[in-house]
Amino acid sequence: MTKKRRRAGLRLTEGGLDLLMPLHLWIGLTGHIERAGPTMQKLCPDLQLVGSRLTEVLEFRRPRGVQIVDDLRAADGQAAHVIFRAQPRNSLKGIVIALPGDQGVLLNLSLGISVAECVGRFGLKSKDFAPSDTTVEMLYLIEAQSAVLQESKNLNSRLQGAKIAAEEQAFTDTLTGLKNRRALDHVLAREITRAPRNRFGLMHIDLDFFKSVNDTHGHAAGDHVLQQAARIFVEETRTDDIVARTGGDEFVLILMGCDNEKILTRIAGRIIKRLQAPILFDGAQCRVSASIGITVSSRYKKLNAGQMASDADAALYQSKHRGRSCFTMFAPP
Amino acid sequence: MHGLVNRSIQRFVQETYGDDFWSEICRDAELGFENFESMLIYDRSQTEAVLASCCLLLERSRKGLLEDIGTFLISHPDFEALRRLLRFGGDTFEEFLHSLDDLHDRANLALPELDFPRLELRVYSTNSYCLQYAWGQRGFGTLVLGILRAMADDYGALVLLEHSTIQGEGGDIDRIAINILDAEFAEGRDFELGVGT
């Protein structure tokens, strides 16, 4: 003998409904809101939801064209997407459930993607969400992520600042690895304070025909030529000497402890000779040479970096005038 | 060690004892720099060197120092984000205590490299709890103690906290006995879910 077990329909107190679904709307057959979850009511503080007509409060994006309760009943079990007719027109997502008999329809909603904004605007608390709802977790994540992102942004901007500062303080020409103008000024100033105890030779070098290498073979070839020239300068000087690139194809050499004109001209001659050998780049033969102007510290009664530099330049231009590929020792007129 | 931990120590020392004192600690610890970045990872030896110099120059115990740093993290406006994230744990101090079980996973979601310890809450009664955890690095336990103390104040709860360490299989295990004397002792600080700012 079997006894058929009768199941009573699930019954829920209204308080239980509020806790389970704080964002629900219960719509009666007339299309009016019979009951609204507590959080739902918080979302429209200026409007008494219970008693209002559903379609006057919400605009249905999905299901489309909802006018009367029968339209909703037909959408039983379907996803819903609604927008408040009142500003700021927050959008909600949820599900439509047709209730048995003539009880109408239950609409359970959630804040969806507008959650962070709504929580701030309406001052919602964690109690306003069901514990089974992960909204608070989502808020936590949003906040954690934005805190981490902010820290990372701060780090990036500090690193950027540090990079710029480092570049400004750099003493090295990044293309050739030689000293740059800053470093040269530094060393020249130091050597001048040490003179006349320390003597030195100053050599200004311009690469000849460099522009045509760039124009004919491209900038990569030009860069390669500059690197090869830099290597020759370093090889033809001692480790204590200073080799600097001061401009596109301009170089300056300081030869420490050497004001012997014979030695200096010998070095200049070797540099020019080596530079005249074709430099290979990607199968192309790049041809350059050098014009050099030289002066020495012992020529001056009172040393002055600016004067020495302009004398070395004057000698350099003399070399250019004499047809390039040569050196000139500065001689006062 | 995560930069956040190092940065916390730095900001605590700077705010409490001044920038000059922090510079002195960096020199003593032979760091070679004075600014920890909270989003970079540093070698543990650097954290240890800084803590050792702090203890030496401040003549303070490591435990007491770390506890103060924990309190500082919750109460100083620089670290408001951290306080807020912890307040997500619940509306009352009791709920907050229960949320500590998830803190490891939550911290992992936000900052996987932080290596935050797994906290385990044991409930003896509605007023009596025990929090147990093992922070991989020895002697960081009182940092959590300081955080708990400050969070109790944040919720306005009057609590009694007692820290102890016991020998476990994988090293020392920290234990904090928690007794809530009055859950609504004071007003507490404000917390809104919405970011607002």
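Within every chain, numbering begins at 1; the chains are lettered A, B, ... in the order of the sequence lines, protein sequences first and strands thereafter.
Within the structure, side chain to side chain donor-acceptor pair (under 3.5 Å) contacts touching residues 145-159 of chain B (residues at least two apart or in different chains) are B:E67-B:R149, B:R83-B:D154, B:R87-B:D154, B:D154-B:R189. Evaluation of the side chain to side chain donor-acceptor pair (under 3.5 Å) test over residues 18-27 of chain B, restricted to residues two or more places apart or in two chains, returns B:S23-B:E34.
Between chain A and the options B:N35, B:L109, B:L111, B:L85, heavy-atom pairs under 4.5 Å are most frequent for B:L85.
Contact residues of residues 122-141 of chain A toward chain B are A:G123, A:L124, A:K125, A:S126, A:K127, A:F129, A:V136, A:E137, A:L139, A:Y140, A:L141 (heavy-atom distance under 4.5 Å). Residues of residues 93-102 of chain B having a heavy atom under 4.5 Å from any heavy atom of chain A: none.
Counting heavy atoms of neighbouring residues, nucleotides and ligands inside a 6.0 Å radius, atom CZ of A:R158 exceeds 12 of them. More than 12 heavy atoms of other residues, nucleotides or ligands shown are found within 6.0 angstrom of CZ on B:F21. Heavy-atom neighbours of A:Q78 CD from other residues, nucleotides or ligands within 6.0 Å: above the threshold of 12.
Residue A:Q145 touches chain B through its side chain alone, counting heavy-atom pairs closer than 4.5 Å.
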query = Run the side-chain contact (heavy atoms from CB on, under 4.5 Å) check on A:V148 and B:M39 step by step: do they pass?
reply = CA-CA 8 Å; A:V148 170; B:M39 284 297 120; 4.1 Å; yes
